[in-house]
Amino acid sequence: MSDVLAQALRYLNDPLVWTRDGGLLDLTREHLLMTLAAVGAAAALALPLGAWLGHRDGPGGRGSGIVVALSNTSRALPTLAIILLLATAGLFGDTATILAAGVFAAPVLLAGAYDGVRGADPAARDAARGLGLSPARVLWQVEAPLAAPLVAAGVRTAVVQVVATIPLAALAGGGGLGQVIAFGMGTQRYGQVLAGGVLVAGLCLLIDAVLAVAQRLATPRPLRARATRR
C-alpha cells in the first residue's frame, strides 16, 4: 500500500503530467465541460417541468406521483448500463457519457424544482393572485424566487454527482479524468489509479464548496435570515 501511495504522490508531483498535451489540466477541463453539458441538458428539461408540476399542484397536490415515477424510472437505470446500451447502438465516447450522466442528474433537478415551487408560501401565492397576476407571473415572480434555495440545492447535488460519475466515460472511449484511472488499471499502475481517484474526489469537494457559496448567494436575503434563525 505504501508503494502505491508513493507512486501516486510521484505521479501527482510530476509537472509534465499536468502540463503536457492531454495531461491532467486538459483532462480536468474536458471533465468539467462534460459535466456542464450533462447538467445543462438535464436542467433544460427537468427544471421547467418540475416548476410547472409544483405550480400546478400547490400545497396538498397529487402531482408528486408523476415526479416520483419519473425519478424512480431514471434512477433505476444505472449510468454504466446506459453507456453500454448506447455503445451497443454505436454511440461511444463523450456524447454517450453526457447523455447517461444527464439522465442520472435529471431526477435530482426535477425533485428540487418541484418541491421548491410546491412549497412556496401560500400567503405570498394568494396575495399575488389577488393582485391579478397571471399564473405565469405568479410562477416566475413569486414562486420561483421562493423556490431558489431548493433549486440551488438540487443543482449543487446534481453537479457533484455527475462529476463523480463522468469517469465512467473512459469505459466507452470518452475523455475526462477517468482516462487516468482506466490507463492505470490497464497497465497495473495502481499508484496512477489512486491518483486519479484522489483527483476526482478532490474535484468533487472543490466544486461542492464553490456551489455551496453560490447556493447561499442564490437564496433571497429574507429566506437566508429565516434559515439562520431556525
Side-chain angles (χ1 to χ4, degrees), residues 32-77 79 98-163 165 204 206-230:
L32 293 177
L33 288 175
M34 291 170 67
T35 298
L36 182 63
V39 176
L45 295 174
L47 291 184
L49 177 60
W52 177 73
L53 289 172
H55 170 75
R56 194 192 66 169
D57 270 12
R62 298 177 180 177
S64 59
I66 300 174
V67 176
V68 171
L70 291 175
S71 298
N72 287 344
T73 300
S74 56
R75 284 172 175 163
L77 297 171
T79 305
I98 289 170
L99 289 174
V103 172
F104 182 62
V108 180
L109 298 168
L110 180 70
Y114 174 79
D115 290 337
V117 171
R118 185 188 178 199
D121 187 349
R125 184 186 289 116
D126 292 341
R129 288 171 177 162
L131 291 172
L133 269 64
S134 66
R137 292 183 66 187
V138 171
L139 172 59
W140 181 247
Q141 296 181 357
V142 178
E143 293 171 329
L146 293 174
L150 283 179
V151 173
V155 171
R156 176 182 169 187
T157 302
V159 170
V160 174
Q161 286 183 346
V162 169
V163 169
T165 304
C204 288
L206 176 62
I207 290 176
D208 185 57
V210 171
L211 292 180
V213 175
Q215 181 182 351
R216 178 173 174 77
L217 295 177
T219 303
R221 191 179 296 274
L223 295 180
R224 211 184 304 165
R226 186 185 305 172
T228 304
R229 288 195 296 269
R230 287 175 182 171

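Note that the structure is a prediction, hence the values are computed from the model and not measured. All residue numbers refer to positions in the sequence shown, counting from 1.
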Output the distance between atom [atom1] ([X]) and atom [atom2] ([Y]), rounded to the nearest 0.5 Å.
X	Y	atom1	atom2	value
D208	T157	CG	OG1	8.0 Å
D115	L53	CG	CG	11.0 Å
L133	L139	CG	CG	11.5 Å
R137	L131	CZ	CG	9.5 Å
E143	D121	CD	CG	10.5 Å

How far apart are the closest heavy atoms of [X] and [Y], and which atoms are they?
X	Y	value
Y114	G54	CD1-N, 3.4 Å
V117	R125	O-NH2, 3.0 Å
L150	G112	CB-O, 3.8 Å
V159	I207	CG1-CG2, 3.6 Å
A106	A46	O-CB, 3.6 Å
T165	Q161	OG1-O, 2.7 Å

Listed once per pair and sorted, the salt bridge (Lys or Arg N to Asp or Glu O under 4.0 Å) pairs that draw on residues 36-51, sequence neighbours left out:
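Pairs touching residues 36-51 that pass the test: none.
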Restricting to side-chain contact (heavy atoms from CB on, under 4.5 Å), what partner residues turn up for L47, sequence neighbours left out?
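A43, L109, A113, V151.
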Check side-chain contact (heavy atoms from CB on, under 4.5 Å) between A41 and all other residues, then give those that pass, not counting sequence neighbours.
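Applying side-chain contact (heavy atoms from CB on, under 4.5 Å) to A41 gives none.
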Any non-hydrogen side-chain atom of L217 less than 4.5 Å from a side-chain atom of V213?
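In contact.
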